[in-house]
Amino acid sequence: MLIRIFVIILLISAALPSGAQDSIPKGFTPLFNGKDLSGWHISRTSHQGTTPDCRAENGMIVVKEHPYGQGGILLSNKKYKSFELYVEVKVDSFCNSGIFLRSTESGQAYQIELAEPGGTGALLGEMLRVSKGAEATERMKVWKPNDWNSFRIRMTGDTPHITLRINGVQMWDVTEPVNDFIAGATEGMIGLQAHWSATYEPNVAEFDMSGSWRPGGAQRFRHIAIKELK
Amino acid sequence: MKLKLNSIIAACSILLSACLLHAQDSTFTNSIGMEFKLIQPGSFVMGSFQPPYPKPPDDTVKAGAHPGGERGYSAAEYKQAEELAKKDALPGFTVNIKKPFYIGKFEVTQAQWKKVMGANPSVFQGDKVPDDAADHPVESVTWEDAKQFINKLNGMEKGKTYRLPSEFEWEYAARAGATSDIPWAQIRKTAQIGTRTTNKVGQKQPNAWGLYDMLGNVWEWVQDYYNEKIFADPTPAKTGKVHVLKGASFVGDVKNATYKTHAAGPGNGWDIGFRVVMEATK
């Protein structure tokens, strides 16, 4: 029986695409204990919203809007400068989200976009004018739609040098010409975003934002872990 | 003797009327140049939440096509949006401002902070700003720092009572009579948003009651504890871990630089300041 299980495990391992992973890589420290949101807090000054529904559920962090139209950002309590971040994400369609890097308390950050259909894997800024962006043009070669995909992000330097790998394959490698943080920060929090999609009242907005978050949609993150680099 | 008493009473009443008149002046400038505007009592509805929700486009419905194609939403999802928006809506509550009060025409500046406190904690000074930082708002101040400034100011200005605004007072003054939240075009005219540093106070249009930078530039501390909810409660929280911030900052945008946004500390630090209220009557 034991041998049979062993063989099955071997077969499953062999079936995984090379480079892809479904567990925390060696040498990384979990940022999420799988049970509760210890070590995380919600930004109270994000323009996305201040009351998102963030919860630990079945080994995942699930992020939703709350109340309707109000998003928000879940931030790590600890700040990081040079690191490799590993996270698996199940991207829900029509739910604009992102992984924030070196985030400030209000969520000003370099951002890896999570948007399906759309620009998942792009390097953007959240309330930050990023000098040099990037797009994950080769992503669809390794992407598993409606499934878990791993993101491995390396960020180092006073002037940010950022590399993204999705499912083990490098998408881009960017060195910014300057540090774009206006107050000069060279470290910050890891953040998980739920985009806002409605104002507090009708008739104040100049365009419709309701496409930013599918009603009842959720983003799911698991196996979140970090390796601090010198 | 009687004459003398009458004279004293007369003198006192003149003095009293002078004081009252003075207290009701529509503006006041204190000894360190802080300018205040008198805000009259009144009421407004606060905490109403009526989020707009998407509706299936008419033409797709008429054509009998799959509604929601343009957003990728199914008919069921449009229905869910409506249900969620209606379920989460809040009617708001009436706030009565019973007493007049003076509120800072501007956010407390770095120059004013230095006059009272000596050292200037602000990040955006010197070569970090393109102009003279003296008239930029002070930032990198905690709620406790703001209270300390006010305590010292009260010590310097005998006969005056300074304090932080309550959240109700702050929003009443920011709205300046507006019953609905502020439209985006109006935010852009009055609020310092999307800039790379703090900005000199008073550079954008004032609101209807002559107050500058209520929205944008720096977040402003108010007296109240944060209730961990989207908006304030009708009865302000008596305890809490952090205090409420209002008005958003230069890192904000049209989404949160509105009258309603109910945020809380600690925030970024370098975009957190305050303005001061002075009691209208002693």
Side-chain angles (χ1 to χ4, degrees), chain A residues 41-53 64-72 92-95 103-109 116-118 126-129 180-185 188 195-217, chain B residues 48-54 70-73 77-90 123-124 128 180-187 194 196-197 219 226 228-231 242 245 248-249 251-258 260-272:
Chain A
H41 69 280
I42 287 166
S43 168
R44 304 302 192 193
T45 40
S46 166
H47 75 130
Q48 302 293 351
T50 51
T51 54
D53 178 354
K64 296 179 187 174
E65 284 191 340
H66 176 79
Y68 179 80
Q70 299 295 307
D92 206 348
S93 299
F94 304 102
C95 290
S103 180
T104 70
E105 185 60 39
S106 77
Q108 186 184 45
E116 287 300 296
E126 162 79 356
M127 311 310 274
L128 184 71
R129 287 177 217 168
D180 294 300
F181 282 106
I182 51 175
H195 205 287
W196 69 277
S197 66
T199 46
Y200 302 129
E201 283 180 19
N203 308 320
V204 294
E206 282 161 14
F207 47 85
D208 182 358
M209 285 292 289
S210 64
S212 300
W213 198 267
R214 189 170 55 75
Chain B
S48 141
F49 182 60
Q50 309 290 335
Y53 52 87
E70 82 292 346
R71 289 186 191 84
Y73 293 169
E77 283 161 343
Y78 277 112
K79 195 158 179 286
Q80 194 181 0
E82 181 176 358
E83 283 169 3
L84 285 170
K86 287 182 175 169
K87 177 176 74 68
D88 291 344
L90 300 166
V123 165
F124 291 102
K128 292 271 173 60
S180 61
D181 209 358
I182 182 168
W184 289 5
Q186 195 62 22
I187 296 176
R196 290 182 64 82
T197 70
W219 285 98
Y226 182 56
E228 319 237 345
K229 296 178 187 171
I230 181 170
F231 296 132
V242 287
L245 289 167
S249 76
V251 199
D253 68 358
V254 289
K255 167 61 172 48
N256 67 347
T258 89
K260 288 187 159 184
T261 296
H262 170 73
N268 294 329
W270 42 259
D271 61 349
I272 310 289

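The shown structure was predicted, so the numbers you read here are calculated from the model rather than taken from an experiment. Just so we're on the same page: letters track the sequence lines, and every chain starts at 1.
Interface remark: Lys229(B) contributes backbone atoms only to the contact with chain A (heavy atom separation under 4.5 Å). Both the backbone and the side chain of Thr45(A) come within less than 4.5 Å of a heavy atom in chain B. Using a 4.5 Å cut-off between heavy atoms, Ala89(B) does not touch chain A at all. Contacts of Glu82(B) with chain A are absent, with no heavy-atom separation under 4.5 Å from either backbone or side chain. For Phe181(A), no part sits under 4.5 Å from any heavy atom of chain B, backbone or side chain. Heavy-atom distances place both the backbone and the side chain of Glu201(A) under 4.5 Å from chain B. Only the backbone of Ser46(A) comes within less than 4.5 Å of a heavy atom in chain B; its side chain stays farther off. Neither the backbone nor the side chain of Ala248(B) comes within less than 4.5 Å of any heavy atom of chain A. When heavy atoms are compared at a cutoff of 4.5 Å, Trp270(B) approaches chain A solely by way of its side chain, counted from C-beta outward.
Here the side chain of Arg214(A) pairs a donor or acceptor atom with the backbone of Ser93(A) at under 3.5 angstrom. Side-chain atoms of Lys260(B) come within 3.5 Å of backbone N or O of Ser48(B) as a donor-acceptor pair. A donor-acceptor pair under 3.5 Å is formed between the side chain of Ser43(A) and the backbone N or O of Glu105(A).
For the options Gly107(A), Gly217(A), Pro202(A), heavy-atom pairs under 4.5 Å to chain B are most numerous at Pro202(A). Between chain A and the options Ala263(B), Ala257(B), Pro51(B), Gly252(B), heavy-atom pairs under 4.5 Å are most frequent for Pro51(B). Across Thr258(B), Ile272(B), Val251(B), Leu245(B), the residue that shares the most heavy-atom pairs under 4.5 angstrom with chain A is Val251(B). With chain B as partner, the option from Ser106(A), Gly49(A), Ala198(A) having the largest number of non-hydrogen pairs under 4.5 angstrom is Ser106(A). Counting heavy-atom pairs closer than 4.5 Å to chain B, the top-ranked of the candidates Met127(A), Glu206(A), Gln48(A) is Glu206(A). Counting heavy-atom pairs closer than 4.5 Å to chain A, the top-ranked of the candidates Val242(B), Ile182(B), Asp253(B) is Asp253(B). By number of non-hydrogen pairs under 4.5 angstrom with chain B, the leading residue of Gly184(A), Ala205(A), Gly69(A), Ala183(A) is Ala205(A). Residue with the most contacts toward chain B among Thr50(A), Asn203(A), Thr199(A): Thr199(A) (heavy-atom pairs, distance under 4.5 Å).
Applying the side-chain hydrogen bond (donor to acceptor under 3.5 Å, both in side chains) test between Glu126(A) and each of His47(A), His195(A), Gln108(A) identifies His47(A) as the sole match.
Between Pro67(A) and Ile230(B), the shortest heavy-atom distance links the atoms CG-CD1, 3.8 Å. The two atoms that bring Tyr53(B) and Ala81(B) nearest to each other are CB-O, 3.9 Å, heavy atoms only.
Note: Tyr226(B) and His262(B) have tilted aromatic rings, judged against thresholds of 30 and 60 degrees for the angle between ring planes.
A donor-acceptor contact closer than 3.5 angstrom is absent between the side chains of Asn256(B) and Thr261(B).
Phe94(A) has its side chain within reach of Pro117(A): a pair of non-hydrogen atoms, C-beta onward, lies under 4.5 Å apart. Side-chain contact between Met209(A) and Trp196(A) is present, with heavy atoms from C-beta onward closer than 4.5 Å.
Phe231(B) pairs by the ring pair (Phe, Tyr, Trp, His ring centres under 6.0 Å) definition with Tyr200(A), not counting sequence neighbours.
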